Every structure is written in C-alpha cells, then in structure tokens.
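Shown next, in structure tokens, is the structure this report addresses.
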Number of protein chains: 2
Amino acid sequence: MFKVILRFGLIIAALLILFQLSKMSLFIPEMSQDLTIGLVGAAFIGLGVYLGLKFRKVEIIEVSPSIEIDHDRIQSLGLTEREMEVLHHIAEGCSNIEIGEKLFVSENTIKTHVSNLFVKLDVKRRTQAVTRAKELRIIQ
Amino acid sequence: MFKVILRFGLIIAALLILFQLSKMSLFIPEMSQDLTIGLVGAAFIGLGVYLGLKFRKVEIIEVSPSIEIDHDRIQSLGLTEREMEVLHHIAEGCSNIEIGEKLFVSENTIKTHVSNLFVKLDVKRRTQAVTRAKELRIIQ
DNA sequence: TGTAATTTCATACTAAAGTATGAGCCTTAA
DNA sequence: TTAAGGCTCATACTTTAGTATGAAATTACA
C-alpha cells in the first residue's frame with residue numbers, strides 16, 4: 001500500500017514539474033515550443049512505459065518445471081552407471097529378475113547392484129529408494 | 001518482422017501528428033500552451049504504456065501444474081478409503097509392518113489390503129502399484 | 001603395466017512381500 | 001432383520017527381496 005502511494009506521489013510530482021516547465025517556457029521565449037513538446041513527450045513516454053510495466057497483469061504460464069537431474073549429486077553419492085540403470089528399472093516397478101532380463105545379466109547381479117544402491121541412498125527398501133531418488137532429483 | 005515495421009510506422013505517424021499539432025497551436029493562439037502540453041502528454045503516455053507492454057520481456061513463471069487426483073477413477077476402480085491410505089504409505093516407501101503400525105492394525109491386515117489393491121490396480125508388485133497409481137492419477 | 005573401480009556372478013542365508021482361504025465384526029441400506 | 005460391503009485378523013504357504021561374503025573378469029587410467 002505504501003509503495004502504491006509513493007508511486008502515485010512521484011507521478012503527481014512529475015506532472016507538476018512538467019507543468020512548471022511549460023510555464024517556464026513562456027518566460028523563456030527562445031525555448032522553442034517544439035523543444036518543450038519534445039521534453040514533455042520524452043517525460044511522458046517514460047512515465048507511460050513505467051506505468052505500463054508496473055501495473056501490468058503478471059503473466060503466469062503454467063509450465064511443469066522440468067525436474068533437472070542433479071548429476072553432481074549422482075557423482076557425490078558415487079552412483080555408477082549400472083546402478084542408475086537398475087534404479088530406473090526399479091522406479092518402473094520391475095522385479096529383480098525382470099531387470100536382469102532387460103540388462104542381460106543374472107538376478108544375483110541385480111541383487112548386488114540393488115544392495116549397493118541401498119547403501120549409497122541410505123535406504124532399506126526399493127520403494128524407499130524410489131522416493132529418496134526423487135527427493136534427491138537423481139531420477140524423474 | 002512486418003509487425004515491428006508496422007508498429008514503428010504507427011509510432012512515427014503519431015509523432016508527426018503531434019508535431020503538426022504543436023505547429024497548429026501557433027496559428028491558433030487561443031489554444032493554450034497548457035492544453036497543448038496536456039494533449040502531448042496524454043498521447044505520449046499512451047504511447048509509453050503501449051511500448052512498455054509490447055516490448056517487455058514475457059515473464060514466464062514456472063508453476064508445476066498441480067496434478068489433480070482423479071476421484072472418479074478411484075471410484076470406478078472400487079478402491080476403498082483404507083486401501084487408498086495403504087497405497088499412500090506404500091508410495092512413501094513404508095514396509096507392511098510400518099504401515100500396520102501407522103494405521104494401528106496388524107501386518108496381516110495390511111497384506112490383505114495390499115493384495116486387494118494389486119488386484120484392483122492389476123499389478124504384481126508394490127513398486128508397480130506406485131507407478132500405476134501415478135499413471136492413473138489416483139496419487140500425487 | 002599395474003592398480004583401482006566397475007561389473008559380473010555364486011552361494012547361503014534371513015527378511016519381507018505376496019497368495020489363498022476362511023472367518024468374525026461393524027455399519028449401512030433394502 | 002437380513003444381506004452386502006468394508007475392515008480386521010489368522011494360518012500356512014510360495015515367492016521375491018535383501019544381506020553377507022568372496023571372487024573372477026573387465027575396464028579405465030596413471
């Protein structure tokens with residue numbers, strides 16, 4: 001509210017100065033009318049731009065902020081490429097056997113990856129791993 | 001590009017008209033200088049507002065479109081209140097025992113709910129249930 | 001070329017998840 | 001006052017998941 005009052009005050013002050021200027025030009029005949037109009041125009045155009053920007057409706061466009069993957073965090077957690085692959089498949093809801101089939105390795109291998117993953121993410125279950133990974137923004 | 005040229009053309013035209021106006025006031029002395037300045041001011045303030053709005057940077061505020069829960073789908077799938085509660089806790093990464101503790105019922109009860117949930121969601125595993133539930137927009 | 005990190009796999013567990021079935025209790029509505 | 005639906009629980013079982021440990025093969029890199 002205070003800000004609004006301040007702004008209108010400034011606008012009124014600007015107007016007064018401009019009208020004062022217009023009277024001055026009466027006493028300074030060598031100041032051409034064109035110049036006066038130029039000055040007035042410049043001042044008002046500035047004022048107009050200011051008002052236009054200040055009191056415009058803020059345009060809110062709903063854009064789902066593309067959740068950026070935090071590669072630095074992946075690094076700092078020491079997650080390997082293979083572990084990230086496994087993590088993605090876990091997030092899709094795959095079983096260990098299914099992940100093994102997709103990556104052409106044994107279930108045991110997947111179990112190893114999963115266990116290492118849990119240690120690095122500090123979780124106990126795969127469902128936790130998914131929520132944690134999303135919190136940490138290392139998966140979508 | 002054409003639009004830009006058109007706009008600048010209009011601006012130039014407006015300027016010419018204003019200067020013409022200023023000259024007219026020389027031949028129409030009864031038209032006071034204050035009035036001239038007022039007209040010029042009004043014109044330029046309008047121009048300023050127009051320019052300010054047209055050539056502003058478009059402000060894009062990233063807002064995640066709140067994913068609306070599809071209550072109709074929950075209905076049509078026949079998911080009960082209790083099952084939804086369990087589903088939410090599954091999505092959080094809770095174990096059956098933990099969910100039981102939170103809802104003050106036994107692990108066996110949770111298992112029953114979970115099994116019924118899987119049938120209704122047509123999935124085999126809890127991780128799948130979570131992804132499916134998100135697809136169906138019945139949880140966040 | 002040697003070393004560290006990654007990936008792979010196995011075995012042998014334990015723990016948790018999931019299935020199937022039956023049943024008791026409560027509320028709500030016909 | 002039944003019947004239905006929802007919630008609870010149990011038992012018994014099968015299947016996955018997860019842990020611990022050790023080890024071989026591969027890759028990358030100094």
Side-chain angles (χ1 to χ4, degrees), chain A residues 69-136 138-139, chain B residues 69-136 138-139:
Chain A
I69 301 301
D70 192 340
H71 295 281
D72 292 340
R73 182 113 56 184
I74 293 172
Q75 279 284 321
S76 66
L77 289 174
L79 295 171
T80 68
E81 222 173 300
R82 208 54 163 168
E83 283 162 359
M84 286 304 295
E85 282 188 276
V86 172
L87 180 57
H88 286 132
H89 286 112
I90 288 175
E92 288 166 10
C94 296
S95 70
N96 289 337
I97 292 175
E98 285 171 347
I99 299 172
E101 282 167 358
K102 289 189 179 184
L103 301 184
F104 304 106
V105 295
S106 78
E107 185 198 356
N108 288 315
T109 304
I110 302 302
K111 283 189 177 184
T112 305
H113 288 315
V114 171
S115 280
N116 293 333
L117 212 38
F118 289 178
V119 173
K120 291 176 182 177
L121 291 178
D122 189 30
V123 296
K124 288 283 166 197
R125 279 175 296 281
R126 50 177 54 217
T127 43
Q128 261 190 323
V130 174
T131 53
R132 183 105 188 86
K134 287 185 181 176
E135 277 174 19
L136 297 172
I138 62 180
I139 61 169
Chain B
I69 299 300
D70 192 340
H71 295 282
D72 293 340
R73 181 112 57 184
I74 293 171
Q75 278 284 319
S76 66
L77 289 173
L79 295 172
T80 69
E81 222 173 299
R82 208 54 162 169
E83 283 162 359
M84 286 304 295
E85 283 187 275
V86 172
L87 180 56
H88 286 132
H89 286 113
I90 287 175
E92 289 167 9
C94 295
S95 69
N96 289 337
I97 293 176
E98 285 171 348
I99 299 171
E101 283 168 357
K102 289 189 178 182
L103 301 183
F104 304 106
V105 295
S106 77
E107 185 198 355
N108 289 313
T109 304
I110 302 303
K111 282 188 178 184
T112 305
H113 288 314
V114 171
S115 281
N116 294 332
L117 211 41
F118 289 179
V119 173
K120 291 175 183 177
L121 292 178
D122 188 30
V123 296
K124 290 283 166 196
R125 279 175 296 282
R126 49 176 57 216
T127 43
Q128 259 189 323
V130 174
T131 53
R132 184 106 187 85
K134 287 186 181 177
E135 275 174 21
L136 296 171
I138 62 180
I139 61 170

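Just so it is clear, the model here is predicted, and its values are computed rather than measured. The basis for the numbers below is simple: all heavy atoms, side chains too, and nothing from hydrogens, waters or symmetry mates. The chains referred to below are lettered A, B, ... by the order of the sequence lines, with proteins before strands, and numbering in each begins at 1.
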Once you round it to whole Å, what is the distance between [atom2] of [N] and [atom1] of [X]?
{"X": "B:K102", "N": "D:dT8", "atom1": "NZ", "atom2": "P", "result": "16 Å"}
{"X": "A:E98", "N": "D:dT16", "atom1": "CD", "atom2": "P", "result": "9 Å"}
{"X": "B:Q128", "N": "D:dA17", "atom1": "CD", "atom2": "C1'", "result": "15 Å"}
{"X": "A:E107", "N": "C:dT8", "atom1": "CD", "atom2": "C1'", "result": "14 Å"}
{"X": "A:K124", "N": "D:dA20", "atom1": "NZ", "atom2": "C1'", "result": "12 Å"}
{"X": "B:R126", "N": "D:dT15", "atom1": "CZ", "atom2": "C1'", "result": "14 Å"}
{"X": "A:K111", "N": "C:dA17", "atom1": "NZ", "atom2": "C1'", "result": "13 Å"}

Item to complete: Could you tell me whether a side-chain N or O of B:R126 sits under 3.5 Å from a main-chain N or O of B:S95, the two making a donor and an acceptor?
Response: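 Not a single qualifying donor-acceptor pair exists.
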
Practice prompt. Without swapping roles, check the side chain of A:K120 against the backbone of A:G78 for a donor-acceptor pair under 3.5 Å.
Written response: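 Checked: pair present.
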
Worksheet item: Which part of the nucleic acid, if any, lies within contact of B:S115, taking any heavy atom under 4.0 Å across all strands shown: a base, the sugar-phosphate backbone alone, or nothing?
Response: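 Base, at least one base atom sits under 4.0 Å.
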
Discussion item. Restricting to non-hydrogen atoms, name the atom on B:T131 and the atom on A:A91 that form the minimum distance, rounded to 0.1 Å.
Written reply: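 Between these two residues, the closest heavy atoms are CG2-O, 2.7 Å.
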
Check whether any side-chain nitrogen or oxygen of [X] sits under 4.0 Å from OP1 or OP2 of [N], and answer yes or no.
{"X": "B:H113", "N": "D:dC7", "answer": "no"}
{"X": "A:R125", "N": "D:dA17", "answer": "no"}
{"X": "A:S106", "N": "C:dT8", "answer": "no"}

Fill in: 5'-most by nearest nucleotide on DNA chain D - B:N116 or B:T127
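Final value for this comparison: B:N116.
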
Output the single nucleotide from [options] whose closest atom is nearest the side chain of [X].
{"X": "A:F118", "options": "C:dG18, D:dG18, D:dC9", "answer": "D:dG18"}
{"X": "A:N108", "options": "C:dT11, C:dT19, C:dC9", "answer": "C:dT11"}
{"X": "A:V105", "options": "C:dG18, D:dA10, C:dT8", "answer": "C:dT8"}

Discussion item. Go through it in stages, so that I can follow the logic: the residues are A:H113 and A:I99, the test is side chain to side chain contact (heavy atoms under 4.5 Å, CB included), and I'd like the CA-CA distance, side-chain angles, deciding distance and then a yes or no.
Written reply: CA-CA 11 Å; A:H113 288 315; A:I99 299 172; over 6 Å; no

Fill in: Heavy-atom side-chain proximity of B:L103 to B:H89 below 4.5 angstrom
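Result yes, sub-4.5 Å side-chain heavy-atom pair found.
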
Discussion item. When you compare the side chain of B:N116 with that of B:T80, does any pair of heavy atoms fall below 4.5 Å?
Written reply: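 They are not in contact (no side-chain heavy atoms under 4.5 Å apart), so the answer is no.
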
Discussion item. Working to the nearest 0.5 angstrom, can you tell me the gap between B:R73 CZ and B:L77 CG?
Written reply: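 Reported value, rounded in 0.5 Å steps: 7.0 Å.
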
Practice prompt. Calculate, to the nearest 0.5 Å, the distance between atoms CD1 and CD belonging to B:I90 and B:Q128 respectively.
Written response: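 Here the rounded value is 12.5 Å.
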
Discussion item. Could you check whether A:E98 pairs with B:K124 (Lys NZ or Arg NE/NH1/NH2 to Asp/Glu carboxylate O, under 4.0 Å)?
Written reply: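 Result for this pair is no, no salt bridge flagged.
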
Item to complete: Determine whether any donor atom in the side chain of B:T112 lies under 3.5 Å from an acceptor atom in the base of D:dC7, or the reverse, and answer yes or no.
Response: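 By the distance-only test, no, there is no pair.
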
Discussion item. So for the helix from C:dT1-D:dA30 to C:dA30-D:dT1, with five pairs setting each end axis, what is the inter-axis angle to 10°?
Written reply: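 Comparing the first five pairs with the last five, the axes sit 50° apart.
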
Discussion item. Within a 6.0 Å radius of atom CD on A:E135, are there more than 12 heavy atoms belonging to other residues, nucleotides or ligands?
Written reply: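 Above 12, so yes.
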
Fill in: Selection: residues 70-97 of chain A, any non-hydrogen atom under 4.0 Å of DNA chain D
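Contacting residues: A:S95, A:N96.
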
